[in-house]
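Take this structure first; my questions come after.
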2 protein chains.
Amino acid sequence: METRELRYFIAVAEESHVGRAAQRLGMAQPPLSRAIARLERRIGAHLFIRSPRGMTLTSAGQTLLREGRAALAAVEAAERRTRRTIAAAGRASVVLTAKAGASSELMAELLDAYAAEPDAVDVEVVLSPPGHQGPMLRDGRADVAILHQPFDDISGFDVDRLNVEGQVLILPADHPVSRVTSLTVAEATSIPDLPLPRWPRLDGTYPDGPGPELRDLTQVLQLVRLGRAAIVMPESARVNVRDGLAVVPVSDAARVTTVIAWPPQSVSSGVAGLVRTASRLYGAPHDRPTAAGTERGPGT
Amino acid sequence: METRELRYFIAVAEESHVGRAAQRLGMAQPPLSRAIARLERRIGAHLFIRSPRGMTLTSAGQTLLREGRAALAAVEAAERRTRRTIAAAGRASVVLTAKAGASSELMAELLDAYAAEPDAVDVEVVLSPPGHQGPMLRDGRADVAILHQPFDDISGFDVDRLNVEGQVLILPADHPVSRVTSLTVAEATSIPDLPLPRWPRLDGTYPDGPGPELRDLTQVLQLVRLGRAAIVMPESARVNVRDGLAVVPVSDAARVTTVIAWPPQSVSSGVAGLVRTASRLYGAPHDRPTAAGTERGPGT
DNA sequence: GCGGCGCGATACCGCAACGGTATGACGCGA
DNA sequence: TCGCGTCATACCGTTGCGGTATCGCGCCGC
């Protein structure tokens with residue numbers, strides 16, 4: 001199966017409509033119809049059920065959509081990382097991504113400590129909105145990421161745990177709720193005049209709702225100070241708190257685990273060094289030994 | 001990048017020789033040369049250094065080889081699993097792979113318990129030589145696997161731990177060493193007249209060495225009983241031990257962790273059910289929550 | 001120093017496959 | 001029953017892929 005066929009299939013599956021998919025792909029409808037039919041013949045299974053209202057996936061089609069998306073991301077990651085290997089003109093380099101404003105102390109320490117290593121390479125830090133780090137790691141726009149469980153999906157990555165902490169509500173200092181000593185999640189998310197902010201989806205659009213549209217945490221804190229929003233975040237964000245802000249622990253909020261994550265194949269020397277440094281500074285011993293792969297034993 | 005180009009690149013990279021790679025791919029040398037040159041132009045980087053003795057990889061080429069292999073396996077996995085989805089003729093089915101003879105009690109319990117679930121699907125069990133389970137899971141020949149750390153490479157898979165145990169040496173009952181109460185790894189692997197067996201590599205060939213060539217554990221135990229071999233394996237293999245065999249604990253051997261592993265995207269209902277059953281029977285609570293992906297929080 | 005050898009690159013050709021335009025088949029609602 | 005929206009089919013031009021023949025170029029041996 002060629003990646004072009006996979007791209008075509010995914011477009012049709014997502015649109016449930018050959019015409020719209022063709023438009024999205026910048027081609028005419030008939031060749032796309034034929035390409036899908038050819039793919040079905042080659043695989044030996046019907047992927048779609050044709051109806052006069054469009055195309056719906058069969059169970060085989062659902063399998064191919066799930067697995068195909070991951071496979072296509074892997075191919076694109078391979079291509080992107082290859083291109084980046086030489087973009088640095090002989091000088092190796094690593095792209096690290098993290099939520100804007102998150103774990104800032106930890107990251108500063110990590111980058112300083114890594115830069116002091118003898119074999120350190122350049123680290124390009126890409127800050128992006130919450131939820132965008134995993135996809136960037138999957139499709140090769142980044143080589144290593146700082147993620148936060150349970151918010152980020154770490155499945156398929158190798159990880160080292162760095163930190164565990166509780167969460168707090170940050171709100172305007174003059175708000176009446178700021179005087180309580182503790183809150184529940186239900187209470188924190190339902191303060192009527194302080195909506196929680198909304199974050200962009202992967203395509204850059206925003207979900208509907210009452211809160212303001214934001215892209216990073218400095219914007220949030222500004223809005224909170226102006227009395228226009230409140231936000232629940234890990235305790236470590238206290239370091240960003242200045243005058244005009246109040247902090248209230250949220251007793252039953254999920255504990256947040258900060259991890260450093262990397263794609264399992266990509267054991268470039270830069271990534272390995274960063275992970276080693278992070279593990280030395282914060283880590284428990286690895287819970288998933290990464291280099292066990294080549295070892296072969298008698299087995300059980 | 002098309003998968004055909006990737007296959008060409010990998011062949012040339014592995015052979016370091018366009019002619020041999022072309023032969024392996026069943027094509028002539030010139031079109032392969034051109035395809036590689038075209039790929040380099042499209043990526044915008046030299047992937048090979050041409051010499052009068054052949055082709056050697058640049059650093060960009062090494063990146064593409066590492067990442068490309070994984071990407072190609074992912075594409076092949078998508079295709080295989082799609083094909084298998086319908087091969088079961090509407091009836092969902094799951095392929096589980098494990099080392100022949102390993103964790104047999106655990107597997108029997110697991111399969112029985114799963115079959116008793118209300119939504120259970122057919123489980124096809126594929127037993128294969130040690131070390132072959134991971135690759136089968138990666139390229140789609142299997143959907144879920146029983147693996148053993150530290151022998152198997154679990155990077156890139158989601159896993160649940162099922163069991164932890166020590167290792168023992170199994171040897172002929174009449175052998176003098178069988179009278180000691182404990183051994184070290186160094187002692188166990190250097191008994192001169194009892195060589196450790198050799199297992200097939202992924203391509204089916206065997207490494208050089210003194211031991212017999214084997215494919216599964218029943219063969220081993222037969223040979224041990226005949227006084228022709230000895231083997232170090234996890235304690236649970238004691239259940240296979242009959243007359244004529246002796247068991248000696250190996251004190252400093254690595255502890256073996258049995259895990260159930262599955263590819264992160266492939267959360268088909270059959271795999272999910274098997275994992276749930278395994279987790280209920282043996283599991284600690286998940287250390288890597290698998291379904292956290294869609295959850296989106298305010299982040300830190 | 002020169003010819004032969006082994007390597008990848010280039011030139012040229014034929015064909016398969018891809019994409020575009022025009023049109024058909026079919027179900028559904030007005 | 002007509003019109004619309006959907007996907008499929010027919011036909012055509014072009015692209016690009018692979019095959020054969022040949023070149024260019026280091027290297028080694030005589």
Side-chain angles (χ1 to χ4, degrees), chain A residues 1-62 64-65 68 72 75 79 82 86, chain B residues 1-62 64-65 68 72 75 79 82 86:
Chain A
M1 191 169 41
E2 294 301 314
T3 59
R4 181 170 34 81
E5 301 178 289
L6 199 48
R7 262 183 276 267
Y8 289 2
F9 167 80
I10 291 173
V12 174
E14 285 178 354
E15 300 284 345
S16 300
H17 191 291
V18 183
R20 278 197 300 274
Q23 200 172 1
R24 186 171 123 186
L25 293 165
M27 65 188 291
Q29 170 262 320
L32 184 54
S33 270
R34 262 179 303 150
I36 296 294
R38 195 168 43 234
L39 179 62
E40 287 181 314
R41 237 178 300 126
R42 279 217 270 262
I43 291 213
H46 288 285
L47 300 171
F48 292 101
I49 297 162
R50 273 79 166 167
S51 85
R53 289 227 255 301
M55 320 266 282
T56 49
L57 287 168
T58 63
S59 65
Q62 287 166 19
L64 186 57
L65 182 58
L72 196 54
V75 172
E79 194 169 346
T82 304
I86 35 81
Chain B
M1 189 169 43
E2 295 302 312
T3 60
R4 181 171 33 82
E5 300 179 290
L6 199 48
R7 262 184 276 268
Y8 289 1
F9 167 78
I10 292 173
V12 174
E14 285 178 353
E15 300 286 345
S16 299
H17 190 291
V18 181
R20 279 196 300 274
Q23 200 171 0
R24 185 172 124 187
L25 293 165
M27 65 189 291
Q29 170 261 320
L32 184 54
S33 269
R34 264 179 301 150
I36 296 294
R38 197 166 42 233
L39 179 62
E40 286 181 314
R41 239 178 300 124
R42 278 218 270 262
I43 292 215
H46 287 286
L47 300 170
F48 293 100
I49 297 161
R50 273 81 167 165
S51 85
R53 289 228 255 299
M55 320 266 284
T56 48
L57 287 168
T58 63
S59 65
Q62 287 167 17
L64 186 57
L65 181 58
L72 196 55
V75 172
E79 193 168 346
T82 303
I86 35 81

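Here is the naming used below: chain letters follow the sequence lines, and residue numbers restart at 1 for every chain. All of these numbers come straight from a predicted model, not from anything done at the bench.
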Inset, instruction - Respond yes when some side-chain nitrogen or oxygen of Ser33(A) is under 4.0 Å from OP1 or OP2 of dC7(D), and no when none is. - result: no
Legend entry - 5′-ward residue of the pair Arg53(A)/Ala37(A) relative to DNA chain D: Arg53(A)
Legend entry - Rounded distance (Å) that lies between atom P of dT20(D) and atom CE of Met27(B): 11 Å
Inset, instruction - Measure across Val18(A) and Gln29(A) and return the closest heavy-atom pair with its distance rounded to 0.1 Å. - result: CG1-CG, 3.7 Å
Legend entry - Residue-phosphate contact under 4.0 Å: Arg38(B) side-chain N/O, dC17(D) OP1/OP2: yes
Legend entry - Between dC17(D) (P) and Ile36(B) (CD1): distance, integer Å: 13 Å
Inset, instruction - Mind calculating the distance between CD1 (Ile49(B)) and P (dA9(C)) to the nearest angstrom? - result: 13 Å
Inset, instruction - Using whole Å, report how far CZ of Arg41(B) lies from C1' of dT10(C). - result: 12 Å
Inset, instruction - Let me know the distance between CZ of Arg34(A) and C1' of dT23(C), rounded to the nearest Å. - result: 14 Å
Inset, instruction - Pull out every residue in residues 3-23 of chain A that has a heavy atom closer than 4.0 Å to any atom of DNA chain C, ordered by number, or say none. - result: Arg4(A), Tyr8(A)
Legend entry - Gap between atoms CG and C1', on Leu39(A) and dA17(C) respectively (whole Å): 15 Å
Legend entry - Between dG27(C) (P) and Met55(A) (CE): distance, integer Å: 16 Å
Legend entry - Any Leu39(A) side-chain heavy atom under 4.5 Å of Leu6(A) side chain: no
Inset, instruction - Could you please name the option among dC27(D), dT9(D), dG8(C) that lies closest to any side-chain atom of Gln29(B)? - result: dG8(C)
Inset, instruction - Consider the side chain of Pro30(A), meaning its heavy atoms from C-beta on, and name the nucleotide among dC17(D), dA9(C), dT9(D) that approaches it most closely. - result: dT9(D)
Inset, instruction - Calculate the interatomic distance between Leu32(A) atom CG and dT21(C) atom P; express it in whole Å. - result: 14 Å
Legend entry - Sidechain-backbone polar pair: Glu40(A) side chain, Leu47(A) backbone, donor-acceptor under 3.5 Å: yes
Legend entry - Side-chain donor/acceptor of Ser16(B) to backbone N/O of Gly54(B), under 3.5 Å: no
Inset, instruction - Look at Arg50(B) and dA9(C) and indicate whether a side-chain polar atom (N or O) is within less than 4.0 Å of OP1 or OP2. - result: yes
Inset, instruction - Please confirm whether the backbone N or O of Thr3(A) pairs with a side-chain atom of Glu2(B), one donor and one acceptor, at under 3.5 Å? - result: yes
Inset, instruction - State whether the side chain of Glu5(B) and the backbone N or O of Arg38(B) hold a donor-acceptor pair below 3.5 Å, judged by distance alone. - result: no
Inset, instruction - Would you check if Met55(A) and Arg50(A) make a side-chain contact, meaning some heavy-atom pair closer than 4.5 Å? - result: yes
